[in-house]
Amino acid sequence: MISGPPLQQLTKRAQFLFVRAGFRASKPGVLVEARRREPSGAIGVGFTASKKVGGAVVRNRAKRRLREAARRLLPEHGLPGVDYVLVARQQTPSAPWPTLLDDLGNALLRLRADLEGAKRAKAPAKSTESD
RNA sequence: CCAGUCGGCUGGACGGCCGCGGGGCGCGCAAGUGUCUCGAGGAAAGUCCGGGCUCCACGCGGAUACGGCGGCGGGCAACACCCGCCGAAAGUGAUUUCAGGGAUAGCGCCACAGAGAAUAGCACCCGCCUCGCUCGCAGAGCUUCGGCAGGAAGGUAAGGGUGAAACGGUGGUGUAAGAGACCACCGCGCCAACCGUAAGGAAGGCGGCACGGCAAGCCCCGCCGGGAGCAAGACCGAAUAGGAGCACGCGUCGCGCAAGCGUCAGGCCCGUCCGCGGGUUGUGCUCGGGUUGGUCGCGAGAACCAUGCGGCGACGUAUGGUCCAGAGGAAUGGUCGUCACCGCGCAAGCGGUACAGAACCCGGCUUAUAGGCCGACUGGCAUU
RNA sequence: UGGGGUGUCGCCAAGCGGUAAGGCAGCGGUUUUUGGUACCGCCAUUCCUAGGUUCGAAUCCUAGCACCCCAG
């Protein structure tokens, strides 16, 4: 595996709510939220699936697929010091595997652009932490 | 062979690559890492019952209230579960279903229709019969003298009609017409030889029609139930938080008798651009409570498998063998290929493979479930 | 884990054993030159689902489904 920044799992409700206030990118297979926690360090990642996705078996399956996809793509496309939350959608358990990987990859690229743009814009005026 | 009834089992297989949780062992100061091994279900579900376990309450026993259960016998740790039997109902049958105690303990309800709906009422529904009746009406009823019509009188409840249900049914005797008034059978009620542990069955006898339904309406009878739940509960456990006790001490200045308050100094903590700012404070020791957090509770048991024995069966028992998930955002997977099964298609091929995820643990119930397999039995047809 | 509640027309709802009120909306008509208003009429055959009790069930009982709320 490519050695990137270490992954760290988000577990607390407060951590999820923190990320919820950040950027988000929606694809048919997955909804990704991201917010910078610190300038550098571990990549935080959390997974969630609501009851809308299905029963317990289906939700577990969705989270397993997202976890596997994140394990492959996040060290390469994720930014250090940023927390990501992957939210399962209704197509997550049934979508073809390459499609799911594409969706996650595109979402991560989009968020990388958003995060870096915000960093530049935020540099002069430090106090404006909107969105 | 066709149709059906009941019971039981199963719930995809193999391989490549990359991974996950628990445990053992090795290496390592540690972080880790290598290796071996184990790793979801018949319903893990719904949370509807019964228990174990833990804490709380409680002198013992009983009663009331409330809730649950309700044929009999057995099984079980226990049960609302299971087995066998009895009764009732449905089906040609195998078989299935049943909250299946009490309606002379009492109260309540029975709409509409109908004459009448519950200590029966009796007669003003249509009727039937008798008649000593012919009053009233415009008609001193009409008449072929046989009767007909009417009725406000009497008898009757058989027939029709209403209703879910109408106070026994069918046939006969009887009668003016009728009526359990009487008779036979059936039904009903009471008693009952005998059989059965019992629920219950029942030969037979007696009575003489008298006792409608609803208790998943209130209720009565019998039996059962103390409450909460693993977020139970136990242990560990910081500081500038904060409680109690003991010993020591009582810094500077101001006010004050003192307690105390303010101030400065000192100690400690936080932030820091290292200038300082903010907070807090007698010192030491001991004890107890306790938030975040951590550990335990947590899986060798009403356990599973095989065989024998007892029992119709549920089940019990003996011997031998096995160790079998245990997290805390929650593991047992992701992906690719081959095969199996099903559907579509001439074919190549394409699509699909159920319901569903342990969270303290057991015994049941209920509900969901693609497909496949096995056994027992019933009815029909054909053949021998 | 424990406890409580709701489900009736497209929407809001009454009804608590005896033929399913009412309002809004909708449809048709009358009035009006037209629209609005007003008036009249129509609109529930599975009362969330499946069984059962009863002569009779939206109502009573049992099981299930969906949704909501409360406590820790």
Integer angstrom distance from the [atom1] of [N] to that of [M]:
N: B:rC122; M: B:rG116; atom1: P; result: 14 Å
N: B:rG61; M: B:rA43; atom1: P; result: 41 Å
N: B:rG23; M: B:rA77; atom1: C1'; result: 34 Å
N: B:rG204; M: B:rU95; atom1: P; result: 32 Å
N: B:rG102; M: B:rC223; atom1: C1'; result: 16 Å
N: B:rA30; M: B:rC336; atom1: C1'; result: 40 Å
N: B:rC82; M: B:rC206; atom1: C1'; result: 46 Å
N: B:rU97; M: B:rG51; atom1: C1'; result: 31 Å

Syn or anti: how is [N] classified when any glycosidic angle within 90° of 0 counts as syn?
N: C:rU54; value: syn
N: C:rG35; value: anti
N: B:rG208; value: anti
N: B:rG299; value: syn
N: B:rG154; value: anti

Using Watson-Crick or G-U wobble geometry with both distances below 3.5 Å, tell me the partner of [N], or none.
N: C:rA66; result: C:rU6
N: B:rG222; result: B:rC69
N: B:rG297; result: none
N: B:rA382; result: none
N: B:rC304; result: B:rG321
N: B:rG151; result: B:rC131
N: C:rC60; result: C:rG52
N: B:rA57; result: none

[N] OP1/OP2 closer than 4.0 Å to side-chain N/O of [X]:
X: A:Arg61; N: B:rG334; value: yes
X: A:Arg65; N: B:rU335; value: yes
X: A:Arg64; N: B:rU332; value: yes

Would a 4.5 Å heavy-atom cut-off, applied to side chains only, mark A:Leu79 and A:Ile43 as touching? no

Does any N or O in the side chain of [X] come within less than 3.5 Å of the main-chain N or O of [Y], such that one atom is a donor and the other an acceptor?
X: A:Arg67; Y: A:Gly46; value: no
X: A:Arg36; Y: A:Gly22; value: no
X: A:Thr92; Y: A:Gly29; value: yes

Are A:Arg71 and A:Glu68 close enough for a salt bridge, meaning some N to O gap below 4.0 Å? yes

Specify the separation, in whole Å, of atom [atom1] of [X] and atom [atom2] of [N].
X: A:Arg59; N: B:rA44; atom1: CZ; atom2: C1'; answer: 15 Å
X: A:Lys63; N: B:rU332; atom1: NZ; atom2: P; answer: 11 Å
X: A:Arg71; N: B:rA331; atom1: CZ; atom2: P; answer: 15 Å
X: A:Glu68; N: B:rC17; atom1: CD; atom2: P; answer: 15 Å
X: A:Leu66; N: B:rG334; atom1: CG; atom2: P; answer: 12 Å
X: A:Leu74; N: B:rG19; atom1: CG; atom2: C1'; answer: 16 Å
X: A:Trp97; N: B:rC336; atom1: CH2; atom2: P; answer: 9 Å

Pairwise 5' ranking along RNA chain B for A:Gly46 and A:Asn60, keeping only the more 5' one: A:Gly46

Judged by each residue's nearest nucleotide on RNA chain B, which is more toward the 5′ side, A:Thr48 or A:Val58? A:Thr48

Please give me the minimum heavy-atom distance between [X] and [Y], naming the atom from each residue.
X: A:Arg65; Y: A:Pro93; answer: NH1-O, 2.9 Å
X: A:Ala34; Y: A:Val82; answer: CB-CG1, 4.1 Å
X: A:Lys27; Y: A:Asn106; answer: CE-CB, 3.8 Å

Counting side-chain heavy atoms from C-beta on, which of B:rC18, B:rG357, B:rA331 comes nearest to A:Arg67? B:rA331

